[in-house]
Amino acid sequence: MPAGMAFLAAITSVVYYHNIETSNFPKLLIALLFYWTLAFITKTIKFVKFCDNGVGFSQLRFCLTGLLVVLYGMLLAVEINVIRVRRYVFFKTPKEVKPPEDLQDLGVRFLQPFVNLLSKGTYWWMNTFIKTAHKKPIDLKTIGKLPIAMRALTNYILLNEAFEAQKNKRSSSPQGSRSIWRALCCAFGRPLLLSSTFRILADLLGFAGPLCISGIVHNVGKGNNTIRPQTKILGVFFISSQEFLSNAYVLAVLLFFALLLQRTFLQASYYVAIETGINLRGAIQTKIYNKIMQLSTSNMSMGEMTAGQICNLVAIDTNQLMWFFFLCPNLWAMPVQIIVGVLLLYYLLGISALIGAAVIIVLAPVQYFVATKLSQAQRSTLEYSNERLKKTNEMLRGIKLLKLYAWEHIFHSSVEETRQKEMTSLKSFALYTSISIFMNAAIPIAAVLITFVVHAHLTRKADFSPSVAFASLSLFHILVSPLFLLSSVVRSTVKALVSVQKLSEFLSSEEIGEEHDKSSELRSADNHSKYQAVPLKVVNRKRPAREDWNNYSSHMRRPINITEADDFCVKITNGFFTWTPEGPPALSNIDIRIPQGQLTMIVGQVGCGKSSLLLAILGEMQKISGNISWSSCTSDSETGEDFSPEKEPPIDMEVRYKAVIDACSLQPDIDILPHGDQTQIGERGINLSGGQRQRISVARALYQQTNVVFLDDPFSALDIHLSDHLMQEGILKMLREDKRTIVLVTHKLQYLPHADWIIAMKDGNIQREGTLKDIQKSETELFEHWKTLMNRQDQELEKETTIEENPVLERTNLRRTMYSREALLKDDEEDEEEVTESDDEDNLSSVLHQRAKMPWRACGKYLSAAGILLLPLLLLSQLLKHTVMVAIDYCLALWTEHAISIKTEPEIKNCSQCMEFDHSQYSKVFSILCCLGIVLCLVTSIAVEWTGLKVTKKLHSSLLNKIILAPMRFFETTPLGSILNRFSADCNTIDQHIPATLECLSRSTLLCVSALAVISYVTPMFLIALVPLAIMCYFIQKYFRVASRDLQQLDDSTQLPLLSHFSETVEGLTTIRAFRYEAKFRQKLLEYTDSNNIASLFLTAANRWLEVRMEYIGACVVLIAAVTSITSCLYNKITSGLVGLGLTYALMVSNYLNWMVRNLADMEIQLGAVKRINGLLKTEAENYEGLLSSSQIPQNWPDRGEIQIQNLSVRYDSNLKPVLKHVNAHISPGQKIGICGRTGSGKSSFSLAFFRMVDTFEGRIIIDGIDIAKLPLQTLRSRLSIILQDPILFSGTIRFNLDPEKKCTDSMLWEALEIAQLKHVVKALPGGLDAIVTEGGENFSQGQRQLFCLARAFVRKTSIFIMDEATASIDMATENILQKVVMTAFADRTVVTIAHRVHTILNSDLVIVMKRGVILEYDKPEVLLEQEDSVFASFVQADK
């Protein structure tokens, strides 16, 4: 009774304290103070009385009373200390304690740091979160903000202070990898120690399992006879601790509590380690970002530090460090676990235990060897995978050309060839994975076999009872896990060391403007007001970091001398600048001045150093000698690609915004964007055309309220009209009239008369500076040269059509891509099954139902792809393996039971003659079963990986075949990124992740099932208790899977913006620094990092939530199994051997339950990849078959080139309007036809109809007497030639680009290059025809690429030749030569030219004028020109 009351009092006090804490009413603590004091005094009196009466440690009550005295004493001390420090009671002025800042902010939903101990240990606060996840999808809003202590900024400050401390200690090598390790340990070491402590405690508690099993089986074997307590003191019977612990039921309850504690400590250790790792990752990413902001531009431009390397540092190395910190506690815990395990085994089994343990330890290096081979295989797979993706990307980008030229098979086989190499690599990856899986499963079997056989035969007198056998078995299971972990911990450590080395190299790389001048301290504070919002500090290694974080103001990066002369803005005297310290100067003898408030133009040939001069003024280049002076009024100007300090308060920003939009002619573009000016621009402006990107950049510069504006060739991607408009409205009106200082780099010499000051450059030197008049007088030759170029550009202006087709075309293309994006973003939405906001409740509930369902269909698709042979092998081998495993343990139970019964029989009968038990029969059966088990382990591991290989091979080749044969419409409406994702991320998941997850899932599921079957066989009573536990398990996994999938997707999706922010910063570094937007970008980084970290933390907490619950259910299984089996055994229903068997399996259930659910959740996410690929496999292919066989088509068809078009109507898709309507035309052999018309008139559709790229639903085209609809597509497309408007080149040699089919001789290729005016260019290249073309032909100019495409068409020598606006990117002179060549070289061929500039088709035999898909005019050009009202005549008039 007193004990029960005491227990109730303890529970009540905990609840009472919790309520005091939550209601924040500390005065109630006084009641607890009285309770603890009274409890402490009464227990102490009792303890003293026991001591006086000679009750010692052997008695259980004595031990418990002593423990309670210590406990109450500690609680009392804590209470008194809290009252003393907080001054809650007995003081006049109590301290006001506010709740944490985070809890006052409703945005913080991550409550782990703020909840009480019980909720912390069981993640109880996650319950509501996981329930809501089941009702609606989780997004960034749901998970809220990070608590302040976990934010990247807080951890960055912590890390930075540690770095500073290290720097001050060892000033010589501040950034060495050793000092980085020290700084990391200093900043994040404390939580790791806590995690390690939890881990060691959990590992030690883990040994309670085997010891309790041993005790229970031993006591049950003896009939659980505990001797009646004989000791009677003070009229009370005392029970000794030994007698208490020899009761099987007591041990069962102790085992239950030990398991609960062990699992709680283990999960707490995992959580603390992962949280520390995530905090560390955020801090390092911020540190790297701050370093990027300081990086010297020369580092980037000279290739010492590429954007790829920096992104790898962020994406891979920071994660390596995070994982190292997560696995770090294992480094200390594993040795402890191994030593204690081996000692306990030795205590149970003697010398034979050491032999078994030796087997495990000897095979550990083999595992490490396999693990290193595995990572090597993974690396080589990755290399081939990248190569395959590069080829797939090129294939998809150039798919239109491939289809028009009938080259799909060439590129298909090229991708397949790389895939074969990747598959070879994947095979070795699969082999080593299966060896690794096999060793994990087989080593414990081998160790157990050797140990028990040796134990039975070597030590005849040894104890071979069920208690010893099953305790040893459990110990082996415990021992194996740290040795498996060993290989991954060692690998992780090695990777972390490499990552820190890389980090150290990066952090010690050169920074910009390290030679600070004293004068840079002169700065006007008011200009900074705009940037003070973000308190982010930049660490300069030559200057100690400021302590006061909040009063941060970015220090100057460049030396600036301030002079009082106001006639100029910037002056450079005797300047020599370089990109690399060792290299030659890129700019020499620079003596220039840029006048204040005027327009300065910098001109010169390509590569003469114009942009470098701008960067030198901005301090981005390294100065060898000389001086840069800024006038006082712009002393603070960090102008850049466009920027400098505030001028005056903005007048009306809305009016200014509209004026800028108008000056840059952006309104029409904004109108067709899906969300107007709120449209999100993709990475590198991917969803904009080149001209739009340039105009937006210029608009950004015009919009700034700055004194100085630098513009680096803002007209390069604009046509003549847009350039003129921008020059007049933007530069002259908005900037010059406002007395801004403008520095304009340009190639458009016709604007020179507008310049107040001109700087002419040549080969990195200043050729001349002055006004246009000065140059006209002193440099007449230069002026004349400029004049001829100006005239040429003015003529170009006259020739440009007033119809302004360029921008319109650009916009329709944009509209097309926007439409296709909108249309096919649904591809991704389908698989993510996102809930669209809809009023229809049924719809919402059905979607939620979908989210909770497992994708069984995708699973079936995956397994069915394995084939008829492999699937049964996979299933049978798994089932057989687990049956044999159970048989091994059952055999062990019978063996030990038999052995112990033989041993105890003589004792019972009091026989002096002891029978010798013959182990050989059992050991043979046991050995055979173990060997069979080992063989089956090998078979299952190989079967799983083999299945994976077969499926991945089949799915990839089916996907590639489907995609390459898909109609062009599919590529126009599906975003390229979406298709590429199927080939990259999804294929990678199927290649490498699904087989491993499948193996893990099947193993943990079958282990749980077999364990529950064994326990139910041992004690059928267990089945009754199993039902409620199974129901709980079902609901926990159901809720967890939904939340886990959402959080996993959120974790992945928040990582992408973070990585792209890094790469964008690296690429636009000079612009960011010029605009002085560092603070804004840093703030953005902190937001991205925090949102990624909060998703990772919630995912970790969700995993812990699941594991704690599953472990507790596992502990309940152990308790129920123990109690039922003990009861059954005591009533002589089962033997003690079976009790041992049941308990060993019950312990396994608690280990494998959460693995089962975790793998189920992973499998669900990974099967999404199979689902998405299956979605693409449903794509309808083009009909490649023709009605005519190859024998019916003449070998040299079409030999004449006669084309008859009869009543032709064409559309892009069966549900779209026709783009050509009832077109009739007849083209005689060898005629030259010109087709013109406004954008969208159907000119390009006309050319695509010849190739059956569009849907011809009426009429027909007959070429040389054959209806093209009857021809096989391959034949038709290979016999015609076309040159597209967009030049497409592939990576490879020039020879491959001209003739991928390898049909032509060198002389034919050179002839084609000569026609295309490229012979001299290719001759000059190293390797000639075998010179390398980089991806997308980036190493050639736009014009040269277009000429290569012409050459490619000339190589084909077909009798019909179509040019679709093929000369749009070529200068006038080259175009005139080409026109003549086409007329002479193709005199006998039919040439159809679709013209952009009408003057190119004036020499044609016939002209077709189109409008809205109908032929408007169709006659000879001279006839049409004579008709005054003809549309063609008006086009020509406008083109003059």
Side-chain angles (χ1 to χ4, degrees), residues 205-224 245-263 341 344-345 348-349 444 448 452 463-479 885-897 900 1007-1023 1025-1026 1029 1111-1131 1133-1153:
L205 278 167
F207 290 112
L211 292 176
C212 287
I213 287 179
S214 174
I216 290 170
V217 176
H218 182 71
N219 293 332
V220 163
K222 287 184 173 176
N224 204 25
L245 289 175
S246 61
N247 186 308
Y249 288 110
V250 169
L251 285 174
V253 175
L254 279 178
L255 174 58
F256 174 67
F257 284 119
L259 278 175
L260 288 185
L261 266 179
Q262 187 232 345
R263 302 308 187 189
L344 281 175
L345 271 174
L348 285 170
L349 294 173
V448 167
F452 287 155
D463 181 11
F464 196 57
S465 61
S467 62
V468 170
F470 286 105
S472 311
L473 198 59
S474 296
L475 278 170
F476 273 118
H477 283 305
I478 288 174
L479 252 191
M885 302 296 261
V886 172
I888 290 169
D889 294 336
Y890 186 68
C891 174
L892 185 65
L894 291 179
W895 182 6
T896 52
E897 188 55 49
I900 199 81
L1007 269 167
C1008 286
V1009 170
S1010 56
L1012 294 172
V1014 167
I1015 301 166
S1016 308
Y1017 167 73
V1018 171
T1019 52
M1021 285 282 290
F1022 173 74
L1023 284 169
L1026 187 62
L1029 290 178
E1111 307 278 23
Y1112 287 178
I1113 288 174
C1116 293
V1117 168
V1118 173
L1119 178 68
I1120 295 162
V1123 172
T1124 51
S1125 55
I1126 291 165
T1127 312
S1128 301
C1129 188
L1130 291 180
Y1131 291 102
K1133 286 185 184 165
I1134 56 168
T1135 60
S1136 61
L1138 287 178
V1139 174
L1141 180 69
L1143 286 178
T1144 310
Y1145 271 88
L1147 271 181
M1148 270 165 52
V1149 170
S1150 69
N1151 282 332
Y1152 286 104
L1153 259 181

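- The shortest non-hydrogen separation linking I213 to A471 is CG2-N, 4.4 Å.
- The side-chain heavy atoms of N219 and N247, taken from C-beta on, include no pair separated by under 4.5 Å.
- Between the OG1 atom in T1127 and the OH atom in Y249 there is a gap of 3.0 Å [rounded to 0.5 Å].
- From Y1017, atom OH reaches atom CG of L1023 across 14.0 Å, with rounding to the nearest 0.5 Å.
- Of all the heavy atoms in S214 and S467, the pair that sits closest is O-CB, 3.3 Å.
- I1120 contributes atom CD1, which lies 6.5 Å from atom CZ of F1022 (distance to the nearest 0.5 angstrom).
- In this view, Y1152 satisfies the side chain to side chain donor-acceptor pair (under 3.5 Å) rule with no residue, not counting sequence neighbours.
- Each of V1118, L211, V250 was checked for a side chain to side chain contact (heavy atoms under 4.5 Å, CB included) with L255, and the lone residue meeting it is V1118.
- Put simply, the side chain of C1116 reaches to within 4.5 Å of the side chain of L1029, judged on heavy atoms.
- In terms of heavy-atom proximity, S1125 sits nearest to V1018 at CB-CG1, 4.4 Å.
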- prompt: Checking side-chain contact (heavy atoms from CB on, under 4.5 Å) for the pair I1113/L1153: CA distance, chi angles, key distance, verdict?
  reply: CA-CA 9 Å; I1113 288 174; L1153 259 181; 4.0 Å; yes

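- One finds the CG atom of L349 at 6.0 Å from the CZ atom of F452 (value rounded to the nearest 0.5 Å).
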Under 3.5 Å, sequence neighbours excluded: what are the donor-acceptor pairs made by side chains of residues 1007-1014?
from: S1010; atom 1: OG; to: L1006; atom 2: O; distance (Å): 2.8
from: S1010; atom 1: OG; to: L1007; atom 2: O; distance (Å): 3.0

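- Across T1144 and F470, no two heavy atoms sit closer than the pair OG1-CD2, 3.4 Å.
- Residues satisfying the ring-ring contact (aromatic ring centres under 6.0 Å, His included) test with Y1145, not counting sequence neighbours, are none.
- Taking CG from L251 and CD1 from I216, the interatomic distance works out to 5.5 Å, rounded to the nearest 0.5 Å.
- The minimum heavy-atom distance between G1142 and I1015, with the atom names listed, is O-CG1, 3.7 Å.
- Here the straight-line distance linking atom CG of L1119 with atom CG of L259 works out to 9.5 Å at 0.5 Å rounding.
- Of all heavy-atom pairs spanning G206 and Q262, the tightest one is N-CG, 3.7 Å.
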